[in-house]
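First listed ligand is number 1; within each ligand, the first listed atom is number 1.
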Amino acid sequence: MMTASEALSKKILIVGGGTAGWMAANLMAACWMEQGFEIKLIESPDIGIIGVGEGSTPQLKSFFDFLGIQESEWMPACNATYKNGIRFDGWSSMPGCESYFHPFESDLDKQTQAVFFQQCDLRRNQIKAFTNPTRFYVSAKLAELKLKPIAPTNFPVKMGYGYHFDSGLLGVFLRDKAKARGVQHISAKIESTQLNAAGEIASVHTTGGEIFCADLFVDCTGFSGLLLQKALQVPFIKFSENLFNDSAIAMPSVQEPQVATQTVSTAMKHGWAWEIPLVNRKGNGYVYSSAFCSPDQAEFELRSKLGLLDSDVQARHLSMNVGRVEKHWAKNCLAVGLSQGFIEPLEATALHIVQETLQGFIDAWELGGFTTINQEKFNTRINNRFEGVRDYIVAHYVCNSREDTDYWRANRRHDVLSDNLKAVIETWVSNGDLASLLKARNMDKYYLPMSWYALLSGYGIFPNTLPTAVFNSTEESLKVVDDFVAACCVHFSP
Ligand SMILES: Cc1cc2nc3c(=O)[nH]c(=O)nc-3n(C[C@H](O)[C@H](O)[C@H](O)COP(=O)(O)OP(=O)(O)OC[C@H]3O[C@@H](n4cnc5c(N)ncnc54)[C@H](O)[C@@H]3O)c2cc1C
């Protein structure tokens with residue numbers, strides 16, 4: 001076990017200055033700088049950052065809260081907007097399921113959610129009911145009306161919301177904050193890595209001939225996975241068996257006068273397109289599978305959707321490594337961000353995982369006296385999170401009912417489902433107790449029953465044949481829901 005004075009001499013070297021690198025620098029500096037740790041971050045301006053990743057889950061709020069940074073400071077600096085949730089358009093061809101909204105949990109929705117669950121459970125029991133989640137959530141209505149999820153002070157409810165932001169500006173903002181906390185910033189390109197006799201990383205060497213040693217190396221080198229994957233040879237487990245998308249295109253478009261407060265995910269021929277509202281522009285992109293569609297075809301389809309066929313706006317083409325490393329923390333190296341793995345951005349979960357990884361690591365390293373004692377437990381925890389997120393994303397694809405391309409049929413017909421996902425679908429269609437199942441399998445740590453109900457009912461996953469029995473109070477219950485939702489929205493502003 002490390003003594004307190006030995007802990008004081010810890011040197012941390014973060015390699016990579018994308019969002020992951022600067023988030024790591026800020027959190028580690030906030031936790032350890034005052035204990036005398038030395039934290040350096042090296043990044044290569046020649047390589048640059050990936051420059052996408054502009055939507056978050058509600059978790060990001062706790063990152064800024066922990067650092068004591070107010071929305072009024074960081075949001076304007078990053079052209080950020082509020083996110084009530086995600087609207088999924090065109091993923092299902094079932095009548096009534098052309099579009100649905102996946103909300104974030106908020107205090108306001110407890111009552112109406114009970115009605116939503118009740119309606120779904122009736123329908124799972126083959127009784128006619130109204131089951132599109134959009135109608136039941138205040139956040140869905142706020143999004144439709146382009147209202148912010150910020151309740152006035154005299155309206156004491158806790159709202160759940162995420163953000164949209166410019167990833168380049170967020171990097172600059174976090175860099176300045178980290179430097180203000182004492183993190184040293186070095187612009188250099190790492191050319192090679194030296195291991196010691198124990199197989200740990202001893203030093204990294206720059207193209208300029210400088211050598212940097214550290215006790216802990218934090219690999220934030222993006223998809224190149226320079227330290228953990230390349231130097232320490234930690235294997236990468238691909239998720240390509242059931243997540244087919246491996247490519248993306250990103251391009252901006254002009255913002256409308258009233259800025260939206262939701263992400264829109266629209267099904268395309270061979271994937272899906274995101275639309276993310278920032279203060280000054282929209283971020284758009286198409287995530288697709290290169291096995292089904294060429295980059296040119298994808299760009300044509302995206303430009304057609306955006307009305308930018310004749311525009312000279314540049315499209316950026318990107319490849320994605322979808323999967324995760326076998327271990328996120330190995331020897332004296334922690335991988336954070338794209339270097340540890342990536343699941344396509346359908347639910348904007350990447351920075352959420354970055355945060356979980358960093359918080360989990362900080363706890364595990366500190367509680368273990370700055371040794372590797374908690375390494376295995378930590379790796380299992382992060383791997384479970386990756387699998388939990390993957391299952392939810394795979395569910396979007398297996399539940400689609402599109403018939404227009406081989407891509408959608410292949411996504412629906414494969415049977416590479418985890419035991420957890422199989423159990424969720426079986427429980428849902430057999431009208432079992434979904435909430436208990438999620439809890440028993442620890443799956444509610446990643447997605448709450450609300451999210452599963454929204455997804456499964458949003459895609460119309462119900463028994464096909466409905467008897468003529470009608471739940472008579474349906475319209476009455478829905479009127480109460482509509483009135484409640486409308487009354488709540490009066491308290492929110494654009
Ligand atoms: C299409 C797409 C859409 C996405 N959408 C979302 C989203 O909506 N929400 C979300 O949370 N996430 C999203 N992500 C993920 C998100 O972009 C990343 O998680 C986030 O930007 C963090 O990236 P990073 O810092 O790990 O890597 P990068 O931004 O790639 O940074 C890597 C850093 O390492 C440095 N580097 C690399 N090699 C060397 C070297 N040899 N020497 C020195 N420095 C080096 C680079 O210079 C750079 O600074 C998306 C990703 C993709 C591909």
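- By the ring pair (Phe, Tyr, Trp, His ring centres under 6.0 Å) test, Y161 pairs with Y82, Y163, sequence neighbours left out.
- The one candidate from I393, V394, I343 that meets the side-chain contact (heavy atoms from CB on, under 4.5 Å) condition with F239 is I343.
- Shown here are the side chain to side chain donor-acceptor pair (under 3.5 Å) partners of K269, two or more places apart in sequence or in another chain: there are none.
- Aromatic ring centroids of W32 and W365 lie under 6.0 Å apart.
- Between the T193 side chain and the L227 main chain, no donor and acceptor come within less than 3.5 Å of each other.
- Not counting sequence neighbours, the partners of Y392 by the ring pair (Phe, Tyr, Trp, His ring centres under 6.0 Å) test are H102, H396, Y447, W452.
- For ligand 1, the 4.0 Å heavy-atom shell contains residues G16, G17, G18, T19, A20, E43, S44, I47, G48, I49, I50, V52, G53, E54, G55, A188, K189, I190, C220, T221, G222, S224, L226, A248, W274, G337, L338, F342, P345, A348, A350, L351.
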